[in-house]
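Please read the structure below before turning to the comments.
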Amino acid sequence: MNMRDLSKDDDFLSHLLVEKLGTGTVPLLVHKMDSSRRLPKTDADDLLQIVRRLVVTKGPVPLVTRQAVDELLVLPPIRYYLKQYTQKQINAFATHASRYFELYHPSGCIEIAHTSRYSHHTGKSELCILATRNLAPGAVITELKGSMANLTDEEDKELKRTDLRNSDIRRDFSVIHSKQMKKNHLFLGPARFVNHDCANNCELFREGKYITFRVLRPIAVGEEITAHYGDGYFGRKNRHCLCETCEKRGRGGYAPDHTDEDPPISSDSESDSGSDLDSDSDSDESNSDGEGKKSGLNLNERRTRRGVYAVMTKGDDSDESDNDADDGAPNSEPKNLVVGGEIELVAEVDSASDLTSLPPSRAQSNSALAVAGPSSLPTPETPAMTARSSSALTSLSSTDDLPSTPKSNQSMRFRSIIATRGQKVKDSTPTTAGSKQLMTPPLSEDTPTKRLTRSASANLLASKWSTTTVNDKGKGKQKASQSSTPAPTSGRSRKGKEKESEDIKKEEAEPARTLRSRPSAPAMVEVNKEPPPKREILKGPDGKPLPTCSTCSNVLPVISVDDKVVWGLEQQSAKRKKKQDCPRCIRHFAIYGQAWPCRISVHGPVFLLPTPREEATPVDSGPRRVNKKALSVLDRKLAAAAAAAASASPKSRKRQREDEERPMLKRRKTEPVTRVETSKSQRGKYIRGGRGRHSLPGPKGLQTYGRKARSLSPSKSDIKDEEEVESEAPQREEVQVVPKRKYKKRSSTPQPTLSRAQRAEEREKIRRWLQKKEEEEAEKDSGDEDAGGSARKRSSADIDDLEDRPKKKVPRAKEKQLPLQKVLPRPSSGFRGGQLFSKPNPLSYALHAWASPVVSTPSSSEDELPPVTPEDEVTVELPSDACGSVFSSPSTIDAFKPSPLSFARRRWGSTLSPRDETKRRATHRNTASPGQRSDVSDSERLFFNGPPTSSLSQDSADGYVRPEDMRMMSPLTITSDNV
Ligand SMILES: C[S@@+](CC[C@H](N)C(=O)[O-])C[C@H]1O[C@@H](n2cnc3c(N)ncnc32)[C@H](O)[C@@H]1O
């Protein structure tokens with residue numbers, strides 16, 4: 001996979017499956033590889049439904065994920081996006097999509113969330129990965145994956161480039177560096193949201209084809225998953241690091257003597273970052289730092305030097321050319337990253353860092369570990385699930401844990417405050433440090449136990465997954481030692497990060513080492529059953545308690561995106577007294593239907609919030625199985641129907657024929673019904689008529705005009721032909737206005753074998769034929785030809801037909817005397833626009849068809865009404881959507897002409913007024929493409945939901961598929977390897 005595709009796909013997929021799955025008003029804003037890239041508009045609801053189905057569908061994760069990917073790929077915007085892709089690229093996209101989908105599976109243990117940790121310095125929204133379960137050391141977070149792409153030298157340089165106009169561009173990415181090859185690989189996917197912590201709780205490692213994360217020490221629910229980027233990533237000795245550990249220790253960006261300026265590069269600067277630096281890593285640094293240095297305070301600077309650098313220190317570093325060339329698997333990681341190959345995150349010298357605007361040590365900073373440390377055994381006062389502080393396996397030494405500067409003794413593992421940029425500016429000024437508290441609410445306290453006690457489901461989950469107790473050191477150790485990669489133990493004194501890394505490296509380097517098999521569910525640590533400590537109520541500068549999330553109990557965050565507060569302040573002021581959930585918990589509930597952090601429905605895999613679209617789109621999108629039983633039932637039914645047809649009276653046969661000839665009406669059961677009732681006084685006034693059995697002049701009918709012998713059950717092609725002609729009929733008067741969207745028959749019958757061009761040709765023939773006929777009729781009408789003469793010209797078949805009807809008794813003389821009147825058609829059963837074509841004289845036909853025509857003046861308001869059936873108490877279902885939208889024309893609906901086509905048009909016309917119709921069309925276009933309508937079957941939806949043509953803009957996708965687009969619908973192959 002190349003870098004361009006991967007970054008493009010990741011931008012799109014993170015937009016779809018992270019940003020769009022936010023809480024609607026609060027997107028989880030992802031920093032893109034190229035934020036200027038336009039992405040196809042996608043309906044967030046569609047995506048949410050797919051994820052919800054994934055959540056409730058039972059089955060192995062790869063299968064369920066694959067299904068979600070399949071569903072994603074048929075969405076019109078996605079098909080549009082993939083239109084130019086080759087099958088290989090589509091596969092790559094699908095695989096990358098599966099990485100994001102996997103995050104949401106109920107068996108997963110992490111989530112992507114907002115974090116306030118860095119953005120209060122940058123004014124930008126930042127994301128992080130949080131644990132949604134307790135994780136024990138050695139657990140592999142299988143869903144935290146990424147896809148890799150080789151970087152050419154040019155691309156590598158390009159990624160280092162700083163766009164001074166937009167510091168986002170090319171800055172927020174992850175790169176994995178192969179030390180031996182001295183080559184970089186772009187590493188994108190959910191794993192890229194892992195932030196750095198100087199005392200990281202996870203490590204990046206290679207497992208088979210994947211690069212994923214392994215837990216180093218116990219992680220509690222709500223705790224952030226962190227990795228170590230290296231010692232020089234955030235300036236020399238990470239002096240600008242804003243991680244929690246630095247905050248606790250009063251180091252990095254929180255050091256009391258911290259300044260935004262970087263000290264001059266000393267000769268040993270390289271040693272800060274270890275020896276694994278990319279040789280040209282700093283080649284562009286001066287350039288990138290220029291702006292920050294000049295201004296002294298670059299608020300837009302995200303402090304991303306170059307992304308995560310993971311260095312392969314051993315393993316097969318043979319050069320890979322195109323790592324996805326072999327199997328077409330898009331996610332093929334570079335082959336040099338072999339199993340067991342050690343990946344080390346190393347520092348990148350930040351010799352000329354422009355990391356600015358770092359505030360001095362936060363006076364009000366909390367220190368989570370003031371009560372923790374290796375010596376601190378779990379006590380009733382210790383937060384039960386504060387694994388880091390209570391676990392005997394914690395790797396932090398007392399000196400590490402206890403801050404060097406006085407801090408508050410609150411846990412700050414899960415913060416939710418994001419200050420605005422304005423606050424940041426104030427924060428960065430020492431003189432205003434004291435007033436910072438006034439501007440920025442104090443950091444939230446995270447008391448996981450409290451969270452659990454607030455949520456019964458969470459308790460359930462916790463108890464369900466409990467495997468070890470943190471009180472039981474031995475057990476915990478045993479668990480850790482069971483893993484092939486021993487996790488740091490509590491007894492081990494920590495002599496700094498480097499020492500720890502060394503130890504881990506050593507252990508991993510042992511030849512006998514085998515990678516642990518992937519746990520089906522991550523190992524958990526049990527919650528402390530002790531009563532939770534009383535939660536301290538955090539108060540704002542006004543002395544009032546800060547609003548907290550009613551589910552997770554964190555202080556409600558203030559989230560700002562590009563200097564704009566997008567969530568928080570309004571909600572907090574308006575709902576200060578009301579119960580309110582934080583965006584994270586709202587999002588969680590929207591996806592899982594359960595209170596955070598529970599993902600498993602206590603009622604089993606029953607979907608909680610079905611929607612009409614869900615019902616219309618069954619979870620099982622695969623072909624339905626026809627079993628023997630169903631077939632025998634079908635056979636029986638068919639036999640019974642045949643027998644009934646054979647024994648039917650001529651009258652009932654006739655009725656049956658009529659019914660068969662009206663497929664359009666039958667189809668629209670689901671559409672709004674307009675009921676028209678006739679008055680009793682009208683009863684008996686009208687005689688039945690207009691039931692012709694004349695075939696329509698379809699492709700065949702052109703040659704055999706006239707009565708066509710029909711079989712009892714007309715063939716499907718007959719019906720289709722009729723439909724086509726009916727569809728075309730109303731267009732005759734507006735030859736130029738040829739509706740492009742033809743109503744598709746809702747059935748699983750195969751589409752006609754005629755090609756589009758052929759059909760168009762046939763239609764054109766019909767149109768010409770009709771026009772010719774009309775002209776002939778017009779000539780006849782204009783002449784002095786009498787009705788009898790016209791009648792004489794009719795075929796005997798037509799006469800026979802007419803003789804069947806009561807109206808044949810109408811004397812010819814009377815017929816002739818009738819003045820030209822406006823005749824309202826009746827849309828009752830029996831009227832067929834098609835037969836009008838075989839009786840080309842509209843007036844005579846009308847006289848026969850409508851024995852007692854309804855006369856109205858041209859300005860009659862009846863014109864505005866839908867066709868009324870003057871039959872006895874007949875309730876008619878009038879079509880109002882599918883056909884109406886195709887055939888009714890606002891311009892012609894009022895202009896009534898007593899021609900067969902007018903009849904047809906009005907017969908099938910929409911019941912809406914022209915204005916309403918226009919409005920309805922607009923809404924219909926905007927909200928529901930044919931492929932989205934619930935009355936359209938799945939197969940048709942697939943057919944309809946084509947991507948817009950390239951000539952259309954993204955936003956004006958017409959939702960119709962072109963034959964050439966069908967390529968996209970070829971089944972995707974995601975092998976289990978890929979997923
Ligand atoms: C690989 S990304 C991690 C995800 C990132 N937070 C986001 O929202 O895209 C790395 C970026 O996260 C931020 N970051 C992560 N850890 C940090 C730390 N300890 N101190 C300061 N910034 C950090 C920096 O902006 C860094 O460039």
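Note that these values count all heavy atoms, side chains included, but never hydrogens, waters or copies made by symmetry. In listed order, ligands and their atoms are each counted from 1.
- Distances below 4.0 Å separate heavy atoms of R192 from the following atoms of ligand 1: 1 (C), 2 (S), 3 (C), 4 (C).
- Every residue two or more places apart in sequence or in another chain that forms a side chain to side chain donor-acceptor pair (under 3.5 Å) with D581 is listed here: S550, T551.
- The shortest N or O to N or O distance between L242 and ligand 1 is below 3.5 Å.
- Of the candidates N201, N238, D197, T245 forms a side chain to side chain donor-acceptor pair (under 3.5 Å) with just one, namely D197.
- For V194, every heavy-atom contact with ligand 1 shorter than 4.0 Å involves the backbone, none the side chain.
- Residues forming a side chain to side chain donor-acceptor pair (under 3.5 Å) with R4 (at least two apart in sequence, or on another chain): none.
- Checked against the 6.0 Å centroid criterion, the rings of Y233 and H196 do not qualify as a close aromatic pair.
- Geometrically, ligand 1 and E126 share a nitrogen or oxygen pair separated by less than 3.5 Å.
- For ligand 1, the atoms sitting less than 4.0 Å from at least one non-hydrogen atom of C243 are 19 (N), numbered in the order shown with element in parentheses.
- Set against the non-hydrogen atoms of Y233, the atoms of ligand 1 under 4.0 Å away are 27 (O).
- Checked against a 6.0 Å centroid threshold, the rings of Y100 and H96 count as neighbours.
- Using bins of under 30°, 30° to 60° and over 60° for the plane-to-plane angle, the ring pair W596/H588 lands in the perpendicular bin.
- Ligand 1 has an N or O atom lying under 3.5 Å from an N or O atom of N195, backbone or side chain.
- Polar contact with ligand 1: absent for D197 (N/O pair, distance under 3.5 Å).
- Of all atoms in ligand 1, numbered sequentially from 1 with element shown, those under 4.0 Å from a heavy atom of F193 are 4 (C).
- For F205 and F213, the distance between ring centers is not under 6.0 angstrom.
- Taking 4.0 Å as the cut-off, C128 does not count as a neighbour of ligand 1 on heavy-atom distance.
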